[in-house]
2 protein chains.
Amino acid sequence: MAQESPTFSPLYRQIRGLLTQALQSGEWRPGEAIPSETELAQRFNVSQGTVRKAIDEMAADNLLVRKQGKGTFVATHHDPRAFFRFLRLAPINGTIETSQSVPLECWRARAGQEVARTLDVEVGSQIIIVRRLLKFAGKPVVIDEIYLRGDLFPGLNLDVLKEQQGSLYSFFETRFGVRMVRAEERLRAVAADRQSADYLEVQEGSPLLSVERVAYTYDDKPVEWRRGLCSTADHYYLNNLN
Amino acid sequence: MAQESPTFSPLYRQIRGLLTQALQSGEWRPGEAIPSETELAQRFNVSQGTVRKAIDEMAADNLLVRKQGKGTFVATHHDPRAFFRFLRLAPINGTIETSQSVPLECWRARAGQEVARTLDVEVGSQIIIVRRLLKFAGKPVVIDEIYLRGDLFPGLNLDVLKEQQGSLYSFFETRFGVRMVRAEERLRAVAADRQSADYLEVQEGSPLLSVERVAYTYDDKPVEWRRGLCSTADHYYLNNLN
DNA sequence: GAGTGGTCTAGACCACTGC
DNA sequence: CAGTGGTCTAGACCACTCG
């Protein structure tokens with residue numbers, strides 16, 4: 001029912017669109033259960049199998065999480081298993097370490113050309129810049145500079161950031177209703193500048209891993225641009241190629 | 001039919017196992033079409049939908065490639081689209097560049113403890129070590145040191161390597177019937193040693209991206225261990241986080 | 001037109017959770 | 001026990017490719 005001709009989109013893909021829209025509108029919040037497959041099938045007037053296929057895709061993209069016998073849930077950054085989805089750093093020797101995010105600075109500014117293009121906003125619109133230090137087992141490992149769309153994070157400042165527990169994305173999710181869904185990272189090796197070297201307690205000029213990231217929300221629009229400098233003396237960046 | 005009780009494995013997963021086994025045995029070679037879904041369903045005495053689900057999973061893992069109207073094919077590294085699945089380097093400014101693999105050295109040795117553990121072979125068994133330079137648009141970008149299981153690459157030497165066209169994995173696939181299926185990479189930033197600096201035409205001590213990789217075949221056994229040092233002056237390593 | 005994969009449906013039954 | 005997701009089946013029809 002309702003199938004277009006030029007760009008053919010199967011029913012389950014349309015259902016996915018409707019579900020994504022509902023997620024975006026906040027009808028079901030991160031961590032909550034969405035209605036059962038049979039309920040959704042009735043609501044959209046399709047068979048249960050079609051809803052199922054839509055949910056399958058969204059679960060594969062980490063938008064939803066299925067739990068047999070319990071239901072299907074909106075994915076959340078609070079889930080400890082989701083923590084390392086966006087933080088691919090692991091200690092070279094040894095086990096899991098506790099991590100701590102230390103906010104250093106937070107101020108508002110106007111978007112220059114490059115930031116405006118990356119975040120898909122007008123040049124001159126308000127952005128927020130955050131600098132923070134990430135510690136593993138008490139030792140500084142990453143220094144981040146983060147650019148955010150100002151309109152999406154009203155009231156964000158250094159004091160608010162200090163309330164943060166858990167990951168930054170988990171914090172954005174509950175505090176501002178902004179959920180990061182996917183990201184693109186560009187990695188390079190660079191020499192430590194003076195300031196970063198001081199923060200990371202390494203020598204100026206020593207090699208650091210530069211991780212540049214653009215993160216997107218549901219509607220595939222960029223929300224965050226960040227650049228992290230990682231000391232890889234005791235940690236490496238893990239990646240699986242399938 | 002035939003469902004175990006302790007570790008329950010659904011039928012389609014068992015079918016996947018049988019298909020993987022057939023791939024591993026070389027019944028269908030990379031690039032070839034496998035039998036149609038209905039044929040496979042008859043062969044395994046299951047419904048077409050069950051075969052379909054098995055193939056779906058394997059296509060998601062890049063073991064098979066579906067082509068509507070034509071059939072399902074064994075994935076191959078010859079496919080230009082598969083080229084950047086294991087080579088995540090892209091030029092910082094500009095378009096696609098031609099790449100060239102220049103073999104430098106190739107010799108046989110006995111596996112030490114670390115290599116033996118990584119490649120899951122006995123200490124002292126034969127391994128092959130390859131050094132090669134990777135050029136983009138004529139300029140050196142990566143210097144690789146590659147450790148291979150000697151038993152899987154009989155007759156491999158520098159002369160043979162010079163016949164290589166396309167990617168190294170594509171070469172291994174046709175020449176030795178060894179197909180890399182997935183890999184794990186560990187990235188760090190390091191300072192260039194004298195020799196690497198010379199090859200990459202950078203200054204000694206300048207920051208390089210170290211990419212350590214273990215690659216696996218169908219049976220999930222490690223086949224290759226390699227370490228690449230990348231000059232990220234004009235290229236970055238691209239990664240998508242979903 | 002014949003053959004392939006892709007979609008959609010409907011129904012039966014299994015596995016897991018929680019009351 | 002009822003309710004959820006997970007599996008398996010069978011059949012109808014659509015979209016694409018190729019001769």
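Sequence lines set the chain letters: A, B, ... in the order given, protein chains first and strands last, and positions in each chain run from 1.
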Interatomic distance, [X] [atom1] vs [N] [atom2] [rounded to whole Å]:
{"X": "A:Leu40", "N": "C:dT9", "atom1": "CG", "atom2": "C1'", "value": "17 Å"}
{"X": "A:Glu57", "N": "C:dC8", "atom1": "CD", "atom2": "P", "value": "11 Å"}
{"X": "A:Tyr12", "N": "D:dC14", "atom1": "OH", "atom2": "P", "value": "18 Å"}
{"X": "A:Leu11", "N": "D:dC14", "atom1": "CG", "atom2": "P", "value": "14 Å"}
{"X": "B:Asn45", "N": "D:dC8", "atom1": "CG", "atom2": "C1'", "value": "14 Å"}
{"X": "A:Gln14", "N": "C:dC8", "atom1": "CD", "atom2": "C1'", "value": "12 Å"}
{"X": "B:Arg66", "N": "C:dT4", "atom1": "CZ", "atom2": "P", "value": "13 Å"}
{"X": "A:Phe8", "N": "D:dC16", "atom1": "CZ", "atom2": "P", "value": "8 Å"}

Please tabulate, one pair per line, each protein N/O and nucleotide N/O from nucleotides 11-13 of chain C that are separated by under 3.5 Å, including the distance.
none

Taking OP1 and OP2 of [N], is either one under 4.0 Å from a side-chain nitrogen or oxygen of [X]?
{"X": "A:Lys53", "N": "C:dT7", "answer": "yes"}
{"X": "B:Arg52", "N": "C:dG6", "answer": "yes"}
{"X": "B:Thr50", "N": "D:dT7", "answer": "no"}
{"X": "A:Ser36", "N": "D:dT4", "answer": "yes"}
{"X": "A:Lys67", "N": "C:dC16", "answer": "no"}
{"X": "A:Thr72", "N": "D:dG5", "answer": "yes"}

Does any N or O in the side chain of B:Thr20 come within less than 3.5 Å of the main-chain N or O of B:Arg16, such that one atom is a donor and the other an acceptor? yes
Hey, is the main chain of A:Glu185 close enough, under 3.5 Å, to the side chain of A:Glu212 for a donor-acceptor pair? no
Strictly below 4.0 Å, N to O, side chains only: are A:Glu184 and A:Arg226 in salt-bridge contact? no
Presence of salt bridge, A:Arg213 and A:Glu145, under 4.0 angstrom: no
Compile the donor-acceptor pairs under 3.5 Å between side chains in residues 115-122 of chain B and protein atoms, sequence neighbours left out, one pair per line.
unit_1: B:Thr118; atom_1: OG1; unit_2: B:Glu114; atom_2: O; d: 2.7

Given [options], which nucleotide is nearest the side-chain atoms of [X]?
{"X": "A:Lys70", "options": "D:dT4, D:dT9, C:dT17", "answer": "C:dT17"}
{"X": "A:Ser47", "options": "D:dT9, C:dT4, C:dA10", "answer": "C:dA10"}
{"X": "A:Gln68", "options": "C:dG6, D:dG6, C:dC8", "answer": "D:dG6"}

Show your reasoning for whether ring-ring contact (aromatic ring centres under 6.0 Å, His included) applies to A:His235 and A:Phe136. CA-CA 9 Å; A:His235 297 76; A:Phe136 278 85; 5.1 Å; yes
Are A:Lys221 and A:Tyr216 in a cation-pi setup, meaning NZ or CZ lies under 6.0 angstrom from the ring centre and within 45 degrees of the ring axis? no
